[in-house]
There are 2 protein chains.
Amino acid sequence: MPPNDTPPGRSASIWDVARVAGVSQQTVSRVINDKTRVSESTRAKVMRVIAELGYRPNRLARTLAGGPVSWVTVLTSDTALFGAAATLRGMEEAARAAGFSVGISVLEPGASETDIALRLNRPQEPVMVIAYDDPGVRALRALPPDVPVTAAVERPGNGSGHDPWQVWVDDRPAAAHATRHLLSLGHRTVHYVSIPSSTSALPQRARGWQDALRATGRPLPEPLRAGWTPRSGYLAVRSLLADRSVTAILCGNDDLALGVMRAAREAGRDIPGDLSVAGFDDSPASAYLHPSLTTVRLDFEGLGRACFGRLLRRLQPEAALALPTWNEPELIVRESSGPSPV
Amino acid sequence: MPPNDTPPGRSASIWDVARVAGVSQQTVSRVINDKTRVSESTRAKVMRVIAELGYRPNRLARTLAGGPVSWVTVLTSDTALFGAAATLRGMEEAARAAGFSVGISVLEPGASETDIALRLNRPQEPVMVIAYDDPGVRALRALPPDVPVTAAVERPGNGSGHDPWQVWVDDRPAAAHATRHLLSLGHRTVHYVSIPSSTSALPQRARGWQDALRATGRPLPEPLRAGWTPRSGYLAVRSLLADRSVTAILCGNDDLALGVMRAAREAGRDIPGDLSVAGFDDSPASAYLHPSLTTVRLDFEGLGRACFGRLLRRLQPEAALALPTWNEPELIVRESSGPSPV
DNA sequence: TCTTTGGGGGTTACCGGTCACATGCCACCC
DNA sequence: GGGTGGCATGTGACCGGTAACCCCCAAAGA
């Protein structure tokens with residue numbers, strides 16, 4: 001029961017190809033899906049007609065009709081942040097390589113949780129959430145339980161069993177490592193400027209910093225809570241810098257470190273002469289800053305790819321796909337950290 | 001002819017809602033689309049059932065069935081670049097506000113042009129292209145003619161009539177302005193480090209720089225061709241800096257400027273004492289660099305929103321929608337530019 | 001009282017595909 | 001020669017909606 005002729009202005013459908021090629025529409029479907037069971041001559045003929053008519057398959061229809069899953073929506077807040085942007089890149093790359101269409105929806109801080117599900121293209125669309133901050137974590141929680149979702153998170157879920165559908169960078173030991181690096185340069189202790197936590201507790205990075213100070217019996221200053229931007233780092237430490245006993249500051253990300261370094265210079269502190277500063281993320285600019293920034297490189301792109309790998313396994317458990325891994329955090333020592341002045 | 005009962009594991013469809021509410025499926029459709037012609041009591045009843053069943057509409061089916069267009073795919077290369085990322089943000093924001101689903105597909109430098117169309121979700125899906133560089137421009141050209149597309153481009157198409165479906169930042173005069181700023185500080189001339197062009201010709205920014213030098217009769221150095229990253233800026237100017245007569249450098253973007261400043265310091269040049277540097281874009285870090293960077297602020301987010309506005313008008317010409325505008329480029333003078341040393 | 005009108009709501013034909021199953025045909029084997 | 005596969009294709013139902021069209025009935029107007 002072929003439908004009417006395609007009206008003008010609408011592009012060719014599988015029926016048009018079938019009609020011109022003189023085969024059934026099911027045969028065309030077999031050809032474009034590269035199934036077997038089509039003779040070589042028929043295949044060639046259909047392919048020719050496809051090219052001739054400029055036929056392009058409609059993925060909407062294909063998915064609706066129960067074809068293989070090939071859509072994923074990424075929920076993320078602020079893509080201006082290096083971590084989120086790099087994770088997104090990894091996700092998109094892996095998804096595209098697997099033939100998926102990637103949708104993206106940005107979470108505003110005040111977004112209503114009830115309509116998160118309405119952003120999806122269909123009720124059970126696969127989702128990846130970049131949940132490094134509060135809006136992300138809330139979106140993750142707000143998703144209906146029947147939605148297949150994986151997430152890149154700041155920390156593993158509490159409780160005993162780790163959620164196998166979540167990935168995260170193990171930055172707690174990395175923060176401890178960075179802290180020990182600063183202590184090994186002779187600093188009496190290390191101060192910390194924190195990014196916002198994704199939950200009410202202190203971020204993992206801050207905990208790693210605490211771990212290192214506690215383990216070596218150093219004074220444990222109150223962590224300074226800042227935002228994500230250079231400006232917030234700048235504002236957070238201004239008052240702190242008058243205290244010359246503060247000789248080392250570890251920052252929750254490189255942007256904060258940038259703001260901290262500016263505040264330090266304005267306070268007449270030389271880096272690394274008077275003050276050592278270290279960051280987190282190894283954003284592309286860090287190596288070129290003045291001074292170049294000691295930081296912890298985090299493999300966000302790899303994390304994003306791994307997150308998609310988890311999703312694929314969740315969608316096709318029987319395929320027993322390999323789960324991609326990502327690099328361990330790595331301390332990159334540059335010019336901004338040096339011996340303690342005292 | 002209601003279909004069979006919904007099998008378990010599949011989420012509720014419009015038929016399930018209709019059955020439970022005791023109305024026809026068309027009435028449910030009217031309710032969720034906020035059409036008139038439904039009595040208040042029926043509407044309330046349907047809404048109750050929707051909430052009860054956790055019904056979420058399937059946008060795929062809705063679009064396939066000829067509902068209003070509510071999808072757009074953004075084609076962009078490298079989202080790591082500030083300009084592209086900020087444009088994307090503006091596009092996403094505007095599209096989401098209009099109820100559109102945003103798809104994103106990243107153009108690899110070597111991507112085949114023939115399968116660009118296959119990335120779209122359906123044959124005539126609306127598209128926005130971020131075409132600041134060669135992959136973007138090629139993708140724009142490779143799209144089939146029946147696809148409704150708007151684009152953020154580096155420069156207006158050549159020829160007389162401007163393409164009304166393209167938007168761009170008028171950075172040629174802005175570059176001239178930045179150049180005149182440097183000249184006004186006493187520099188004999190200004191050197192230029194260029195981002196890659198989207199075409200074979202020199203980018204608009206470089207032309208603006210030439211305009212200013214020509215208009216004032218200054219020597220016109222050969223522009224240095226670099227890439228997009230700090231590293232490429234660093235490499236591009238290393239040999240140049242031995243020449244002490246070079247006292248002012250304008251860069252095609254802030255990242256290049258960052259690399260240039262590092263190369264300058266390594267060459268023993270003081271900024272802005274020995275050398276003035278200016279950038280383009282006003283990326284978030286620029287104000288906090290050491291020294292803070294003189295640059296030209298470009299409203300990429302506004303451009304992205306405007307690009308979507310054009311798309312909306314293209315899709316609904318009869319609605320006569322207002323076309324959003326974006327801010328003019330603005331020179332931001334900071335610490336990195338100062339009086340000529342000679 | 002009869003006709004018009006318009007709101008409320010149902011019916012049917014798609015949209016562009018996929019899936020499960022039926023069918024025709026020819027080679028092969030006993 | 002007839003059964004038996006297996007390959008190449010066709011057929012009909014269905015995915016979850018929307019649009020166009022039809023029908024029914026109460027209120028208003030003639």
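Quick note on labels: first sequence line is chain A, next is B, and so on, each numbered from 1.
Nearest nucleotide to the A:Gln26 side chain, out of D:dG17, C:dG17, C:dA20: C:dA20. When distances run from any side-chain atom of A:Ser24 to the nucleotides D:dG17, C:dG8, D:dG10, the shortest one goes to D:dG10. Considering only side-chain atoms of A:Ser39, the nucleotide from D:dG16, D:dA8, C:dG17 that sits closest is D:dA8. Residue A:Asn58 has its side chain nearest to C:dG17 when only D:dG17, D:dG10, C:dG17 are considered. Comparing D:dG10, D:dG17, C:dG17 against the side chain of A:Gln25 picks out C:dG17 as the nearest. You'll find that the side chain of B:Arg62 is closest to D:dG17, out of C:dG17, C:dC15, D:dG17. Checked against C:dG10, C:dG16, D:dG10, the side chain of B:Arg30 finds its nearest nucleotide in C:dG10. In the set D:dT18, D:dC15, C:dG10, the nucleotide with an atom closest to the side chain of A:Ala65 is D:dC15. The nucleotide whose nearest atom lies closest to any side-chain atom of B:Ala61 is, among D:dG10, D:dG17, C:dG9, D:dG17.
In this structure, the CZ atom of B:Arg10 is 13 Å from the C1' atom of C:dT18, given to the nearest Å. Distance CG (A:Leu60) to C1' (D:dG17): 12 Å, rounded to an integer number of Å. Distance CD1 (B:Ile32) to C1' (D:dA19): 14 Å, rounded to an integer number of Å. Summarising the geometry, the separation between CG on A:Asn121 and P on D:dG16 is reported as 15 Å, rounded to the nearest angstrom. Separating the CG atom of A:Leu53 from the C1' atom of C:dG16 is a distance of 15 Å, rounded to the nearest angstrom. As a whole-Å value, the separation of B:Asn33 CG from D:dA20 P is 13 Å. What separates CD1 of A:Ile14 from C1' of C:dG16 is a distance of 8 Å, to the nearest Å. Remark: P of D:dG16 and CZ of A:Arg59 are 19 Å apart, rounded to the nearest angstrom.
With 3.5 Å as the limit, one finds a donor-acceptor pair spanning the side chains of A:Tyr132 and A:Thr87.
Across all their heavy atoms, A:Leu88 and A:Ile130 have their closest contact at N-CD1, 3.9 Å. Across B:Val49 and B:Ala21, no two heavy atoms sit closer than the pair CG2-CB, 3.8 Å. The two atoms that bring B:Glu125 and B:Val72 nearest to each other are OE2-C, 4.2 Å, heavy atoms only.
If you check distances only, the side chain of B:Arg56 never reaches the base of D:dG16 with a donor-acceptor pair under 3.5 Å.
Taking 4.0 angstrom as the limit, B:Ser13 places none of its side-chain polar atoms (N or O) nearer than this to OP1 or OP2 of D:dC15. Regarding contacts with the backbone of D:dG10, a side-chain N or O of A:Thr27 is found under 4.0 angstrom from either OP1 or OP2. Neither OP1 nor OP2 of C:dC19 sits under 4.0 Å from any side-chain N or O of A:Ser29. In terms of phosphate contacts, B:Arg122 brings no side-chain nitrogen or oxygen within less than 4.0 Å of OP1 or OP2 of C:dC15.
B:Thr63 comes within 4.0 angstrom of no nucleic acid atom, judged by non-hydrogen atoms across all strands.
Side chain of A:Asp16 to backbone of A:Ser13: a donor-acceptor contact under 3.5 angstrom is found.
The residues A:Arg96 and B:Glu108 are annotated as salt-bridged, a charged nitrogen and a carboxylate oxygen being separated by less than 4.0 angstrom.
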